[in-house]
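Here is the naming used below: chain letters follow the sequence lines, and residue numbers restart at 1 for every chain. Keep in mind the model is a prediction, meaning the values are calculated, not measured.
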2 protein chains.
Amino acid sequence: MQIIRTVLKKPAGNWREARRESARANVLTAAWELVREDGLAALSLRELARRAGITTPTLYAYFESKNAILDAMFAQAAQSFVELKASLPATDDPQEDLLTEARAFVTFCVSDVPRYQLLFQHSVPGFTPSPESYELAVSALAVTRELLARNGVRDPRHLDIWTAITVGLVGQQISNDPDGDRWTRLVEDVTRMFLAQYAGRGSTHSKGES
Amino acid sequence: MQIIRTVLKKPAGNWREARRESARANVLTAAWELVREDGLAALSLRELARRAGITTPTLYAYFESKNAILDAMFAQAAQSFVELKASLPATDDPQEDLLTEARAFVTFCVSDVPRYQLLFQHSVPGFTPSPESYELAVSALAVTRELLARNGVRDPRHLDIWTAITVGLVGQQISNDPDGDRWTRLVEDVTRMFLAQYAGRGSTHSKGES
DNA sequence: GTCTATAGGCGGATAGAC
DNA sequence: GTCTATCCGCCTATAGAC
């Protein structure tokens with residue numbers, strides 16, 4: 001009986017749900033295109049609906065508010081970030097791995113500025129991501145922590161320095177040379193600088209300076 | 001002669017102008033208070049007029065548009081930045097001077113986030129600063145260039161690395177620990193790291209490292 | 001110069017027909 | 001679910017009285 005109900009009812013039941021999810025995905029795709037063209041601040045429900053080929057009230061059939069749309073976008077961005085981290089190859093050279101990660105991070109950020117701003121700059125006035133999405137983004141930092149540990153960098157302060165350096169390159173690139181590579185091309189240099197100072201002086205290097 | 005002209009002509013002729021300038025200054029003061037409390041995006045002429053104790057049309061007696069107000073604010077911010085640079089003491093220790101400048105810069109930025117965003121992040125949608133104000137801000141970079149040169153750092157790429165590092169600390173501090181000092185306290189460490197990598201390969205390096 | 005009043009537009013969100 | 005029509009608020013900016 002339950003099986004029959006499942007067979008008979010669930011496919012039909014999931015069919016509508018699948019269509020609904022597909023429609024939501026369409027809206028989000030249009031939203032990303034919009035913010036990539038006009039910036040995060042230009043995201044309005046009118047324009048979003050127009051681009052998605054629907055009307056504003058229909059938008060409310062899929063998302064309960066504008067913040068819900070932003071939250072879904074944040075979740076997608078966080079998911080992409082996690083997948084980026086997971087896709088990084090691990091070799092037997094920790095320094096090379098860290099450099100690979102740095103390059104990947106900088107490219108990830110500058111290739112989609114609104115995504116970077118939403119994910120890392122918390123720059124949308126009335127919006128705070130849902131805790132689970134936020135946790136997803138934060139947990140991706142564990143990969144970096146591990147990568148640094150394999151380079152002998154374990155002091156949390158040095159992790160903070162590393163993140164500051166990488167987002168510093170990204171920020172300068174975005175603000176002052178949005179179409180060039182004036183700062184992104186420096187990622188090898190800063191990685192070498194960082195490793196030269198903090199890498200691998202024994203496995204339990206503490207904060208005393210050398 | 002110039003003095004006489006100043007004494008005789010300027011007072012009468014400029015009296016109204018001085019009052020006008022004073023009124024403009026009052027508006028700008030209110031504007032800074034507003035954006036410090038509610039963020040750059042919250043700057044509206046209604047609320048600004050309310051805080052300044054006047055009405056919106058009166059605002060237009062002093063500034064021809066909202067962008068004109070933002071431009072005046074940008075000019076003030078750039079001026080403050082120039083004065084900060086000019087106020088830096090020069091000792092006979094280039095490394096110490098660079099550290100002093102870094103500390104001053106980071107404090108300057110995090111102590112007034114909207115000012116930092118207006119000046120360095122170009123983050124107000126329809127606004128571009130006037131060329132002269134922008135030049136003022138850019139020219140202040142010459143002080144940093146000179147400071148780095150005295151440390152034997154002359155490669156423009158290394159200047160870019162230096163700016164990326166400092167704004168990286170600022171950005172992380174603002175985005176992830178707005179009320180603390182998790183990143184600002186790292187300014188000594190990153191300065192040492194930078195100098196250890198790039199200092200003193202030039203001609204005018206004076207002191208050895210401490 | 002300063003006000004009241006308002007134009008004209010866009011913002012998010014909702015009611016109710018179909 | 002999707003639409004038309006609409007509400008209400010805030011925005012920049014202006015007209016016109018005083």
Whole-Å distance between [N] [atom2] and [X] [atom1]?
X: A/E47; N: C/dC10; atom1: CD; atom2: C1'; result: 12 Å
X: B/K66; N: C/dG9; atom1: NZ; atom2: C1'; result: 15 Å
X: B/N26; N: C/dT2; atom1: CG; atom2: P; result: 11 Å
X: A/F127; N: C/dG12; atom1: CZ; atom2: P; result: 15 Å
X: B/L70; N: D/dA13; atom1: CG; atom2: C1'; result: 15 Å
X: B/L48; N: D/dA13; atom1: CG; atom2: P; result: 12 Å
X: B/I54; N: C/dC3; atom1: CD1; atom2: C1'; result: 11 Å
X: B/L45; N: D/dC11; atom1: CG; atom2: P; result: 9 Å

- What is the distance from atom OG of A/S123 to atom CG of B/L40, rounded to the nearest 0.5 Å? 11.5 Å
- Task: Could you grab the distance from atom OG of A/S80 to atom NZ of A/K85, nearest 0.5 Å is fine?
- Result: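 Rounded to the nearest 0.5 Å, the OG-NZ separation comes out at 13.5 Å.
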- Item | Salt bridge present between A/R192 and A/E188 (N-O < 4.0 angstrom) | no
- Is any NZ, NE, NH1 or NH2 atom of the basic residue among B/R36 and B/E33 found under 4.0 Å from an Asp or Glu carboxylate oxygen of the other?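 So B/R36 does not pair with B/E33 through a salt bridge.
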[X] side chain N/O closer than 4.0 Å to the phosphate oxygens (OP1, OP2) of [N]?
X: B/R46; N: D/dC11; answer: yes
X: B/T58; N: C/dC3; answer: yes
X: B/T55; N: C/dT2; answer: no

- Item | Which residue lies more 5' along DNA chain D, comparing A/Y62 with B/N67 via nearest heavy atoms |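 The residue closer to the strand's 5' end, by nearest nucleotide, is A/Y62.
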- Note on the structure: Contacts of B/E64 and A/A61 projected onto DNA chain D by closest heavy atom; the upstream (5') one is A/A61
- Task: Between D/dA5, C/dG12, D/dT14, spot the one nearest the side chain of A/Y60, thanks.
- Result: C/dG12
- From the options C/dT4, C/dT14, D/dT12, select the nucleotide whose nearest atom is closest to the side chain of B/S44.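 For B/S44, the side-chain atoms sit closest to D/dT12.
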- Query: Distance only, no hydrogens: is a donor on one side chain within 3.5 Å (strictly under) of an acceptor on the other, for B/T58 and B/T55?
  - Reply: yes
- Task: Please work out if A/L59 contacts a base, only the sugar-phosphate, or nothing of the nucleic acid, heavy-atom cut-off 4.0 Å.
- Result: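 No contact at all - A/L59 keeps every heavy atom at 4.0 Å or more from the nucleic acid.
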- With heavy atoms under 4.0 Å as the rule, sort A/I69 into base, sugar-phosphate or nothing. nothing
